[in-house]
Each structure stands twice: as C-alpha cells, then as structure tokens.
Amino acid sequence: RKEVEQDPGPFNVPEGATVAFNCTYSNSASQSFFWYRQDCRKEPKLLMSVYSSGNEDGRFTAQLNRASQYISLLIRDSKLSDSATYLCALGRGRRALTFGSGTRLQVQP
Amino acid sequence: DGGITQSPKYLFRKEGQNVTLSCEQNLNHDAMYWYRQDPGQGLRLIYYSQIVNDFQKGDIAEGYSVSREKKESFPLTVTSAQKNPTAFYLCASSIDSGGANEQFFGPGTRLTVL
C-alpha cells in the first residue's frame with residue numbers, strides 16, 4: 001500500500017461549485033500535513049498547512065482526521081483559476097515530506 | 001527577492017553523458033531536497049541534505065550524486081548510470097529538516113535524454 005494516496009481525478013466541476021478532495025495516509029506517525037497546488041509544467045506551491053483543529057483560508061478549508069487517517073481540502077465557489085493539480089504532503093520526524101500523486105481539478109465555465 | 005533558483009530550465013543530454021543541475025537558495029534554509037517528477041506522477045525523493053557537508057539518499061538515489069559544500073547550494077549530478085533520466089527535476093528547501101516545516105520549491109529543470 002502506498003504511504004499517501006489520492007484520487008487522480010480529473011474532477012470536472014462548473015464554476016461556482018464546491019468540490020472536496022481527500023488524501024489518505026498509512027503511517028499513523030505522520031505529524032505534519034500540507035496541501036500544495038501545482039499548475040501544468042510548474043513547480044508545486046504551498047497552498048496551506050493542515051492543522052488538527054482544521055483551518056480555513058478564504059474559499060479553502062483543510063481538515064485532518066487522524067482516526068481515519070486522511071486529510072481533506074474543500075474549495076468553495078470554484079473559479080476557473082482553481083484548475084490545477086492538488087498534492088497532499090505529509091511530514092514525519094526529520095524526514096523529507098512525502099507527497100501524494102495529486103488530484104487534478106478542472107473548473108469549467 | 002528571496003527564493004530558490006534552478007538552472008537551466010531545459011536541458012538536453014546525450015546518452016552516456018553526466019549532467020549537473022544547479023539549485024541555489026537565499027532563504028537561509030538549512031535543509032535542501034531534490035525530487036524527480038514523471039508525467040502524471042507524484043514527487044519522488046532523490047537526495048536531501050539537512051546541513052552543510054551532509055546529505056542522505058532518498059527513495060531513488062541510484063544513478064544520482066549530490067554535494068553540499070555551501071548552505072546556499074545543492075547541485076545534483078545525473079550520471080550515465082541513471083537508466084531513465086528524462087524527467088522534471090525539482091529542488092526544494094525548508095528552514096530545517098524537522099518534519100513540521102513546509103518545503104518551498106524552485107521552478108524546476110526539465111531534462112531530456114536524446
């Protein structure tokens with residue numbers, strides 16, 4: 001089983017829709033969690049960290065469910081500019097982050 | 001401007017040649033990383049360095065080598081021993097190697113073997 005798993009998508013949604021992605025992880029010792037956004041042929045950029053109590057940044061909400069070992073990203077009022085691949089990343093101890101393969105989102109007019 | 005730079009942006013290599021990819025950061029970060037990304041796939045860790053003059057192998061280190069002689073610089077050499085080197089190479093850094101810290105990426109180098 002992969003350490004981090006994401007549904008590759010694509011998720012095709014109309015503008016204004018709400019969409020959610022999950023990222024499941026297998027190692028319960030994971031300590032830090034992040035969502036990155038990657039545009040086509042570009043580098044990943046940090047979207048937000050994921051805190052135990054959940055956190056929100058504008059239209060984006062991230063949550064952590066340690067019992068079921070997954071994190072989620074909710075995007076409200078989707079914009080065309082939200083079209084990208086969303087990567088989750090996990091940290092454990094002094095290791096480098098482990099990345100999922102990403103979920104592709106396509107927002108359509 | 002603070003950030004991570006990688007050069008070149010595109011690199012073409014003949015089979016059997018070694019090539020070196022540059023990564024420089026002026027963020028005063030202790031830790032630096034090299035990842036490889038293949039089309040439609042996630043990032044795979046090649047090497048990482050937690051401090052100057054020290055580095056560790058990642059998950060796919062075979063056919064690659066690195067050095068960390070300066071805090072700001074972490075060059076990656078793709079050797080002829082790397083069987084399938086065509087990929088997108090991403091360098092990243094973080095404040096230190098503690099797992100709680102975000103990693104920030106450079107713009108990447110696309111390597112194509114002809």
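Just so it is clear, the structure is predicted and the values come from calculations on it, not from any experiment. The sequence lines fix the lettering, A, B, ..., with proteins before strands; numbering per chain opens at 1.
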Could you label the plane-to-plane angle of the B:Tyr89 and B:Trp34 rings as parallel, tilted or perpendicular, counting under 30° as parallel and over 60° as perpendicular? perpendicular
Please classify the contact between [X] and chain A as side chain, backbone, both or neither, with a heavy-atom cut-off of under 4.5 Å.
X: B:Gln37; answer: side chain
X: B:Gln103; answer: both
X: B:Phe88; answer: side chain
X: B:Arg44; answer: neither

Between A:Thr24 and A:Glu5, do the side chains contain an N or O donor and an N or O acceptor separated by less than 3.5 Å? no
Strictly by modelled atom types, are B:Thr86 and B:Thr112 linked by a side-chain donor-acceptor pair under 3.5 Å? no
Relative to chain B, which segment of A:Phe33 carries a heavy atom at a distance below 4.5 Å: side chain, backbone, both, or neither? neither
Got a donor-acceptor contact below 3.5 angstrom from the [X] side chain to the [Y] backbone?
X: A:Gln6; Y: A:Pro8; value: no
X: A:Asp39; Y: A:Lys42; value: no
X: B:Ser67; Y: B:Glu69; value: no

Near-ring test B:Phe74/B:Tyr33, centroid separation under 6.0 angstrom: no
For this output row, return yes or no: ring centroids of A:Tyr70 and A:Tyr25 closer than 6.0 angstrom. no
Do B:Tyr35 and A:Leu46 sit in the same hydrophobic cluster, where Ile, Leu, Val, Met, Phe, Trp and Tyr count as joined when their side-chain heavy atoms come under 4.5 Å apart? yes
Considering only heavy atoms and a distance below 4.5 Å, find which of B:Gln56, B:Arg110, B:Gln41 pairs most often with chain A. B:Arg110
Can you check whether anything in residues 98-107 of chain A gets within less than 4.5 Å of chain B, heavy-atom wise, and list it by number? A:Phe99, A:Gly100, A:Ser101
